[in-house]
K.L.:
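Structure incoming, see below.
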Amino acid sequence: MKKIAVLAGDGIGPEIMAQALKVLTAMKLPFEYEEALVGGAAYAAFGHPLPKEVVELAKRSDAVLFGAVGDFKYDTLPRHLRPEQAILGLRKALGLFVNLRPAVCFPELTAASSLKPELVSGLDILLVRELTGDVYFGQPRGKRISPDGAEEGFDTMRYAVPEVERIAHVAFKAAMGRNKHLVSVDKANVLETSQVWRDTMIRVSKEYPEVTLEHMYVDNAAMQLVKAPKKIDVMVTGNLFGDILSDEAAMLTGSIGMLASAALNEIGQGLFEPSHGSAPDIAGMNIANPLAQILSAAMMLRYSLGMEEEAVRIENAVKTVLAQGYRTGDIWSEGCKKVSCSEMGDAVVAAL
Ligand SMILES: NC(=O)C1=CN([C@@H]2O[C@H](COP(=O)(O)OP(=O)(O)OC[C@H]3O[C@@H](n4cnc5c(N)ncnc54)[C@H](O)[C@@H]3O)[C@@H](O)[C@H]2O)C=CC1
Ligand SMILES: CC(C)CC(=O)C(=O)O
Ligand SMILES: [Mg+2]
C-alpha cells in the first residue's frame with residue numbers, strides 16, 4: 001500500500017484537491033491517503049504554516065499531493081510565518097531541486113489561449129526549473145540600514161556549480177528524450193550568478209553532444225515565449241526566472257488552471273502541485289479549474305509511483321472532457337458547456 005500525503009492548503013486548494021482525490025479514488029488505486037493542514041490553514045490552527053509533523057509526514061510518504069497556499073490576509077505576518085513558507089519549506093526539506101512544468105496546449109483549448117491559435121496549436125514545452133536555490137533561498141537576506149541611512153531590503157542571488165550541474169543533467173536528459181534542443185535561460189550579461197549558470201551549462205553540454213544548447217537572456221525568453229513559443233522544446237532555468245516564465249507559459253495553454261507540476265529529488269520522491277497559487281479571488285465559489293491539480297495527480301503516478309498506464313488514463317480522461325466541450329470559466333469559449341469545479345471533477349471521473 002503506497003502512502004500519499006494530501007496537503008490541500010488554502011484558498012481554492014481544498015476545492016481542486018477534492019476533485020483530484022475523487023479521480024484517484026474512482027480508480028481504486030492501492031493508496032492510503034493522509035491529509036494534513038499546511039499554509040494559512042496550519043497557521044490558523046497551530047500557529048505555524050509548516051508544522052514539523054507535516055514535514056515528517058511528507059518524508060515518510062511515497063508522494064505528496066499538494067494544493068496551494070497563501071492568502072493576502074497573512075501578508076503582514078513576519079515572513080517565516082507566512083503561508084508560502086509551507087511550500088518553500090517542503091521543497092527544501094525534501095531536497096526537491098527539480099521542477100518539471102509541462103506547458104501543453106490541448107487542441108480544444110487553442111481558442112482559450114491569449115495568443116492566436118496558429119501560434120499555440122500543438123504547443124508542447126517542458127520547462128525545467130531549479131527549485132531549491134537562487135534568490136528564493138540565498139543567505140543573507142533581510143532588512144538593514146544602508147550607509148546613507150535609508151532602510152533597505154536585500155536578498156542574495158546565488159548558485160553553486162554542483163547545484164547547476166545536477167539540474168543541467170536533468171534538463172539534458174529530458175532534451176535527449178524529446179527534440180534534442182535545450183534552451184537555457186539566464187541573465188549572464190548582468191549577473192555573476194547567471195555567468196556561473198551559463199558556464200556550467202556549457203561544460204555539462206559536452207556530455208550530451210547530440211543536444212543543441214541555446215542560451216537566451218531572460219528578457220528575450222519572455223518575449224520569445226509569446227512571439228514563437230513552438231520553437232521552444234525544453235527550457236531550463238533558475239528558480240526565480242522559472243517561476244515567472246512558467247506563469248507566462250501557462251497562459252499559452254489557455255489558463256494557469258491547466259499547468260501541472262512535479263517537484264522531484266535525487267531519490268525520486270516527489271511533490272505534485274498545480275503551478276498556480278491559492279487564487280483567493282475565486283476561493284469558495286466552486287468555479288476554479290481543477291485540471292492542473294488532476295494532471296498533477298497523473299504526474300505523481302508517473303514520476304513517483306511508477307504507474308505510467310494509470311497516469312495516461314487520467315490524461316486521456318482530461319482530453320475526453322475537453323473534447324466533450326466541458327470548460328470551467330477560465331477556459332470557456334463560445335459554444336462550450338460551462339461547468340463548476342466539482343462538475344469538472346465529475347466529468348473526468350465519468351471519462352476515466
Ligand atoms: N505553490 C503555491 O502554493 C503558490 C502560492 N501562491 C500564493 O497564492 C496567493 C495568490 O497569488 P496570485 O498571485 O493571485 O496567484 P494565483 O495563481 O493564485 O492567481 C492568479 C490568477 O489566476 C487565477 N487562477 C489561479 N488558479 C486558477 C484555477 N485553478 N482556476 C481558475 N483560475 C485560477 C486566479 O483567480 C487569479 O486571477 C498568494 O498568497 C501567493 O503567494 C502563488 C503561487 C504559488
Ligand atoms: C509562492 C511561491 C513560493 C512559489 C511560486 O510562485 C511557484 O512555485 O510557482
Ligand atoms: Mg509561481
Side-chain angles (χ1 to χ4, degrees), residues 7-20 37-43 49-50 64-77 79-92 96-101 103 109 112 114 127-137 155 237-251 253-263 271-296 318 327-332 338-345:
L7 311 177
D10 306 318
I12 61 169
E15 298 165 47
I16 55 176
M17 183 64 83
Q19 310 317 312
L37 298 178
V38 278
Y43 174 77
L50 184 60
V64 179
L65 193 57
F66 192 92
V69 288
D71 193 311
F72 300 123
K73 75 179 177 210
Y74 296 116
D75 282 354
T76 51
L77 281 175
R79 191 160 298 280
H80 71 284
L81 293 177
R82 291 200 204 169
E84 291 81 358
Q85 295 305 313
I87 186 61
L88 290 166
L90 281 167
R91 289 170 183 169
K92 202 65 177 174
L96 304 168
F97 71 100
V98 181
N99 192 201
L100 303 178
R101 295 192 161 188
L109 293 188
S114 29
L127 197 122
V128 181
R129 168 188 175 195
E130 200 291 331
L131 203 57
T132 51
D134 207 350
V135 70
Y136 285 9
F137 291 96
D155 298 274
T237 189
N239 205 344
L240 172 66
F241 300 155
D243 190 1
I244 297 166
L245 294 178
S246 57
D247 267 34
E248 190 186 359
M251 281 320 295
T253 72
S255 165
I256 191 141
M258 296 302 299
L259 212 83
S261 89
L271 179 150
F272 302 85
E273 57 166 336
S275 297
H276 58 71
S278 57
D281 53 332
I282 56 167
M285 296 162 77
N286 193 25
I287 59 169
N289 184 347
L291 294 180
Q293 184 79 67
I294 291 170
L295 291 168
S296 298
V318 168
R327 305 281 190 274
T328 42
D330 57 317
I331 50 173
W332 183 84
K338 197 181 250 185
V339 290
S340 66
C341 178
S342 54
E343 286 167 339
M344 185 61 106

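Remember, it's 1-based here, ligands and their atoms both numbered in the order they're listed.
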K.L.:
For ligand 1, is there an atom lying under 4.0 Å from some heavy atom of Phe72?
P.N.:
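Yes, that is the case, since the closest heavy atom of the residue is under 4.0 Å from the ligand.
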
K.L.:
Please enumerate all residues that pass side chain to side chain contact (heavy atoms under 4.5 Å, CB included) together with Ser114, with sequence neighbours excluded.
P.N.:
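Per chain and number, Ser114 pairs via side chain to side chain contact (heavy atoms under 4.5 Å, CB included) with Met251.
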
K.L.:
Taking 4.0 angstrom as the limit and counting only heavy atoms of Gly257, give me the atoms of ligand 1 inside it, by number and element.
P.N.:
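Heavy-atom distances to Gly257 below 4.0 Å select 28 (C), 29 (N).
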
K.L.:
Show the atoms of ligand 2 that are less than 4.0 angstrom away from any heavy atom in Glu84.
P.N.:
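What qualifies from ligand 2 is 1 (C).
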
K.L.:
Within the structure, is a non-hydrogen atom of Pro280 found at a distance of less than 4.0 Å from ligand 1?
P.N.:
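For ligand 1, residue contact (heavy atoms, under 4.0 Å) with Pro280 is present.
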
K.L.:
Quick one: does Arg129's side chain have a donor or acceptor within less than 3.5 Å of a partner on Asn239's backbone?
P.N.:
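Yes, Arg129 side chain to Asn239 backbone: donor-acceptor pair under 3.5 Å.
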
K.L.:
Please check: side-chain N/O of Arg82 versus main-chain N/O of Leu77, any donor-acceptor pairing under 3.5 Å?
P.N.:
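A pair under 3.5 Å: yes.
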
K.L.:
Is the closest protein non-hydrogen atom to atom 20 (C) of ligand 1 under 4.0 Å?
P.N.:
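Under the 4.0 Å cut-off, atom 20 (C) of ligand 1 has no protein heavy-atom neighbours at all.
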
K.L.:
Does ligand 2 have a heavy atom under 4.0 Å from the side chain of Arg101, from its backbone, from both, or from neither?
P.N.:
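Near ligand 2, Arg101 shows its side chain, while the N, CA, C and O stay back.
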
K.L.:
What protein heavy atom is closest to atom 30 (N) of ligand 1, reported as residue, atom name and distance in Å?
P.N.:
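Minimum-distance protein heavy atom for atom 30 (N) of ligand 1 reads Asn289 N, 2.9 Å.
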
K.L.:
Is there a donor in the side chain of Asp10 and an acceptor in the side chain of Ser278, or the other way round, less than 3.5 Å apart?
P.N.:
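Side-chain D/A pair, Asp10 to Ser278: absent.
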
K.L.:
Could any protein non-hydrogen atom be found less than 4.0 Å from atom 2 (C) of ligand 2?
P.N.:
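False for atom 2 (C) of ligand 2.
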
K.L.:
Based purely on interatomic distance, does His276 place a nitrogen or oxygen under 3.5 Å from a nitrogen or oxygen of ligand 1?
P.N.:
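Yes - when backbone and side-chain N and O of His276 are compared with those of ligand 1, one distance drops under 3.5 Å.
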
K.L.:
Taking the Mg ion (ligand 3) as the center, what protein N, O or S atoms are found at less than 2.8 Å?
P.N.:
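Sorted hits: Asp243 OD1.
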
K.L.:
Looking only at heavy atoms, is any part of Leu88 under 4.0 Å from ligand 2, and if so is it the side chain, the backbone, or both, or is it neither?
P.N.:
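Answer for Leu88: side chain.
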
K.L.:
Does any N/O atom on Phe66 come nearer than 3.5 Å to any N/O atom on ligand 1?
P.N.:
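Between Phe66 and ligand 1, no N or O pair is found under 3.5 Å apart.
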
K.L.:
Considering only non-hydrogen protein atoms, determine which one is nearest to atom 16 (P) of ligand 1 and report residue, atom name and distance to 0.1 Å.
P.N.:
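Answer, as residue, atom name and distance: Gly277 N, 3.5 Å.
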
K.L.:
In terms of atom number and element, which parts of ligand 1 are under 4.0 angstrom from non-hydrogen atoms of Ala68?
P.N.:
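So the atoms of ligand 1 that pass are 3 (O).
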
K.L.:
Salt bridge (Lys or Arg N to Asp or Glu O under 4.0 Å) with Glu15: which residues, sequence neighbours excluded?
P.N.:
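In terms of salt bridge (Lys or Arg N to Asp or Glu O under 4.0 Å), with neighbours along the sequence ignored, Glu15 is linked to no residue.
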
K.L.:
Decide whether Ser342 and Asn286 meet the rule of one side-chain donor and one side-chain acceptor closer than 3.5 Å.
P.N.:
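Result is yes, a qualifying pair exists.
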
K.L.:
Under a 3.5 Å cutoff, is there a donor and acceptor pairing between the side chains of Tyr136 and Asp243?
P.N.:
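There is such a pair between these side chains.
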
K.L.:
Number the atoms of ligand 1 from 1 as they appear, then name those within less than 4.0 Å of a heavy atom of Gly70, with their elements.
P.N.:
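Here the atoms of ligand 1 in question are 39 (O).
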
K.L.:
May I ask you to list the atoms of ligand 2 that are less than 4.0 angstrom from any heavy atom of Ser275?
P.N.:
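Near Ser275, the atoms of ligand 2 are 9 (O).
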
K.L.:
So, taking the atom named CG in Asn99 and the one named CZ in Arg91, what distance separates them when rounded to the nearest 0.5 Å?
P.N.:
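One finds 6.0 Å between CG of Asn99 and CZ of Arg91.
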
K.L.:
Could you check whether any side-chain N or O of Glu84 sits under 3.5 Å from a backbone N or O of Gly39, counting only pairs where one atom can act as donor and the other as acceptor?
P.N.:
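Checked: no pair found.
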
K.L.:
Give the single entry among Leu7, Ile282, Val38 that approaches atom 31 (C) of ligand 1 most closely by any heavy atom.
P.N.:
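The residue whose heavy atom sits nearest atom 31 (C) of ligand 1 is Ile282.
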
K.L.:
Looking only at distances, please establish whether an N/O atom of ligand 1 is found under 3.5 Å from an N/O atom of Glu84.
P.N.:
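Yes - when backbone and side-chain N and O of Glu84 are compared with those of ligand 1, one distance drops under 3.5 Å.
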
K.L.:
Is the closest side-chain donor-acceptor distance between Thr132 and Glu130 under 3.5 Å?
P.N.:
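On atom types as modelled, these side chains qualify, holding a pair under 3.5 Å.
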
K.L.:
Mark up the atoms of ligand 1 that fall under 4.0 Å of a heavy atom belonging to Asp71, in ascending order.
P.N.:
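So the atoms of ligand 1 that pass are 39 (O).
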
K.L.:
Does any N or O of ligand 1 fall below 3.5 Å from an N or O anywhere on Val69, backbone included?
P.N.:
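So ligand 1 has an N or O lying under 3.5 Å from an N or O of Val69.
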
K.L.:
Using heavy-atom distances, let me know which of Asp330, Asp281, Ile331 sits nearest atom 35 (O) of ligand 1.
P.N.:
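Nearest heavy atom to atom 35 (O) of ligand 1 lies in Asp281.
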
K.L.:
Ignoring hydrogens and angles, tell me if any N or O in the side chain of Ser275 forms a donor-acceptor pair with the backbone of Leu259 under 3.5 Å.
P.N.:
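Pair found, side chain donor or acceptor close to backbone of Leu259.
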
K.L.:
Please report whether atom 37 (O) of ligand 1 has a protein non-hydrogen atom at a separation of less than 4.0 Å.
P.N.:
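Yes, because at least one protein heavy atom sits under 4.0 Å from atom 37 (O) of ligand 1.
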
K.L.:
Under 3.5 Å, N or O to N or O, is Ile256 touching ligand 1 that way?
P.N.:
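Among all N and O atoms of Ile256, none is under 3.5 Å from an N or O of ligand 1.
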
K.L.:
Looking at residues at least two apart in the chain, or sitting in another chain, which of them share a side chain to side chain contact (heavy atoms under 4.5 Å, CB included) with Ile256?
P.N.:
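Ile256 satisfies side chain to side chain contact (heavy atoms under 4.5 Å, CB included) with Asp247, Ala250, His276 only.
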
K.L.:
I need the nearest protein heavy-atom contact for atom 4 (C) of ligand 2: residue, atom name and distance, please.
P.N.:
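It is Arg91 NH1, 3.7 Å.
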
K.L.:
Heavy atom to atom 6 (O) of ligand 2, shortest distance: which of Ile256, Ile87, Asp243 holds it?
P.N.:
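Minimum heavy-atom distance to atom 6 (O) of ligand 2 goes to Asp243.
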
K.L.:
Checking Glu248 side chain against Leu245 main chain: does a donor-acceptor pair fall under 3.5 Å?
P.N.:
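It does not hold such a pair.
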
K.L.:
Take atom 28 (C) of ligand 1 and look for protein heavy atoms under 4.0 Å from it; say yes if you find one, no if not.
P.N.:
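At least one protein heavy atom is under 4.0 Å away.
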
K.L.:
Give a yes/no on ligand 2: does Gln85 have at least one heavy atom closer than 4.0 angstrom to it?
P.N.:
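False for this residue.
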
